[in-house]
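Below: one structure, written as structure tokens.
Note that ligands are numbered from 1 as they come in the structure, with each ligand's atoms numbered from 1 the same way.
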Amino acid sequence: MTSPELLRPVLGRLVPAAVLQALAGVSALLPLLALARFAGAWASGDALPGTTIVVTAVAGTVGAALAAAAATWITHRADADLSLHLQRRLAETIRHAPVPAVQGQGAARIKKVVQDDTGALHYLVAHTLLDVVALVVVPIAGFAVLAAFDWRLALCSLVPLVAGVLFYARAMRGSGAQFAEYAVAQQRINAAVVDYVRGLPVAKVYGGPGGARTRFLSAATGFHDFFRAWSSGTAVVTTASWLVVTPGLTATGLTVLGVIGVTAGWLTPSAMVAGVLLGPAISAPVAVAGPRLQAIRTGLSALSSIREFLEQPALRFGTRGSAPAGSVRLERISHRYDGDRLALDDVSFDLPPTGLVAVVGASGSGKSTLAALLARFADPTSGRILIGGTALTDLTEKALYDHTAFVFQDTGMRRASVRDNLTGGRAVTDEEMAGAARDAAIHDEITALAHGYDTVLGVDTELSGGQIQRLCLARALVRSPRLLVLDEALSAVDAASRSVLLDMLEAQAEHRSVLLITHQLDIAARADRVLVLADGRLAGDGTAAELSMTCPAYQALTGDSTAHAEGRH
Ligand SMILES: Nc1ncnc2c1ncn2[C@@H]1O[C@H](COP(=O)(O)OP(=O)(O)OP(=O)(O)O)[C@@H](O)[C@H]1O
């Protein structure tokens, strides 16, 4: 797909809009033409064609206004449709792309594509196209009409146009590199400001040289210095390119020439008036050619940025509408993030349909990667995951998330009611919802809120980290999954709640499979079975008691956690 092909859905409407705009440009010249004819008739003492002239002038003006309005209406509707179409495609791309790939691009880039780039297309589609048509058609039509009066005067009317173009070309020499630098500098500011705002608490405490605030200020200063140097280097020629095509200057020059011509007898008064009126219409549009070219450049670069974003690889889901019963099996799973070392290295194990299995390992050992692969946030670089013998990739998205529910470290709670957050819009009875909340030890705290389950998070109330984790657990339980994966889901929960939740998870594990990823060995010790990850490899698989006797990687963790605990006291 090429970038302009993105415009295909609205191309059929842009062509008639451009034709209408061209008609508007030509019609707008009719009143000037009529005036020139009137002046000519009056100067040569002929009968004044009053009615014809008034009708022509009014028809031209009204026609121009109507055609331009229709063209603008069409392009604005086309733009709104295109914007919606592209934003839907972008949303789909984000939804289907591997999560680490999307997150790796950063919020600033995603915001730029979804908002700024589609916004830049608004100018291209709704305004710039019509402006450019007018910019081309009006001078050509003006020149043709003036040439019909007097070709010499028509040629002279081109002088300001040519001078303006030459000055402009001089100002734009080498601008390709400058525009590229301009875009990079702006993107640097965007990224720096996002980092700055996101890390505000850290910036306040640890601010100083090298911090996000410094990076933001230095990006802003860099942009200022670059822009200042660029604009001062081109200010004189840029101003000259506007000045030479100002309507007053062109009209004055043609008036002087006209007076000389009429006096000498080689020019008719009617041609002189036509020159004075049409001359500015031929050259003045050049003054806005620069901003329009820039708008085209910005629009095309927005198109190519959107196209690049849309072309990123997607995760394809299968067609099987439900996951078969049976164990979940990881078969020789290896995973490597872009260009990095192996996060998981040849890992195989089974999760039986019931039971509580814990995954432990040092920081960076690959625990969260395991959860991300089970959730199909990305597909493993090699190996496969099977549910009841069916590959994860053969399942529809719904089948996968009906089978497996996740509680991640990143809670993803929305600014919506507790009810909406828990049910995600699914048909869930109040009893089922309250039951899940009770299991997650959060029901009483929800009912104590001002609007109970209808309390809007982030608006009516702010919950603590521990409350949110329990809410996430309830959100997972409400789906009644056959596999429940919890990634460090109890880290912010207080000791009393944690004990209640572990009891509940043990009970849940009697009729579903629960995979508990944790760095807390006391929690892992409650599991029926513990898997130990070390540097992405499965280094141990057994009960905590067995592992503490036989597994050096587990013993190393026990030592670490003892040392860690000792260090704290
Ligand atoms: N999105 C990512 N892009 C690149 N590398 C990543 C990404 N996520 C994780 N990694 C790398 O993969 C390896 C495993 O990370 P992972 O988060 O799975 O470990 P973990 O055991 O969950 O660590 P922790 O306990 O600190 O959360 C690490 O080397 C990490 O730097």
With heavy-atom distances below 4.0 Å as the criterion, list the atoms of ligand 1 near T369. 14 (C), 15 (O), 16 (P), 18 (O)
Residue of the set R95, R320, R316 for which salt bridge (Lys or Arg N to Asp or Glu O under 4.0 Å) holds with E397: R95
Side chain, backbone, both or neither: the part of A372 lying under 4.0 Å from ligand 1 by heavy atom: neither
Please tell me whether E432 and T429 have a donor and an acceptor in their side chains that are separated by less than 3.5 angstrom. yes
Atoms of ligand 1 less than 4.0 Å from A343 heavy atoms? 12 (O), 13 (C), 14 (C)
Which residue and heavy atom of the protein sit nearest atom 29 (O) of ligand 1, plus the separation: R341 NH2, 3.1 Å
Can you list the ligand 1 atoms lying under 4.0 Å from a non-hydrogen atom of G364? 13 (C), 14 (C), 19 (O), 20 (P), 21 (O), 23 (O), 24 (P), 26 (O), 28 (C)
min-distance protein heavy atom vs atom 26 (O) of ligand 1 -> S363 OG, 2.6 Å
Taking all non-hydrogen atoms of both residues into account, name the closest pair between A534 and A553 and its distance. CB-CB, 4.2 Å
Atoms in ligand 1 flagged as close to S368, the criterion being non-hydrogen separation under 4.0 Å: 17 (O), 18 (O), 20 (P), 22 (O), 27 (O)
Any N/O pair G366/ligand 1 closer than 3.5 Å: yes
Give me the residue, atom name and distance of the protein heavy atom closest to atom 25 (O) of ligand 1. K367 NZ, 2.8 Å
Among all protein non-hydrogen atoms, which one is nearest to atom 2 (C) of ligand 1, and what is the separation to 0.1 Å? Y337 CD2, 3.4 Å
Just by modelled atom types, is the H403 backbone N or O under 3.5 Å from a matching donor or acceptor in the R479 side chain? no
Determine, step by step, whether T447 and Y453 satisfy the side chain to side chain donor-acceptor pair (under 3.5 Å) criterion, reporting the C-alpha distance in whole Å, the side-chain angles of both residues, the deciding distance to 0.1 Å, and the verdict. CA-CA 7 Å; T447 48; Y453 279 89; over 6 Å; no
Taking the side chain from E311 and the backbone from E308, do they hold a donor-acceptor pair closer than 3.5 Å? no
Strictly distance-based, threshold 3.5 Å: is any side-chain N or O of D528 a donor or acceptor partner for the main-chain N or O of L356? yes
To the nearest 0.5 angstrom, please state how far the CD1 atom of I306 sits from the OG1 atom of T118. 6.0 Å
Atom 9 (C) of ligand 1: protein heavy atom closer than 4.0 Å? yes
Pull out every atom of ligand 1 sitting under 4.0 Å from any heavy atom of A362, numbered as shown with elements. 21 (O)
Any G361 heavy atom less than 4.0 Å from ligand 1: no
Exam field: side chain T369 to backbone A343, donor-acceptor pair closer than 3.5 Å: no
Is there at least one protein heavy-atom neighbour under 4.0 Å from atom 23 (O) of ligand 1? yes
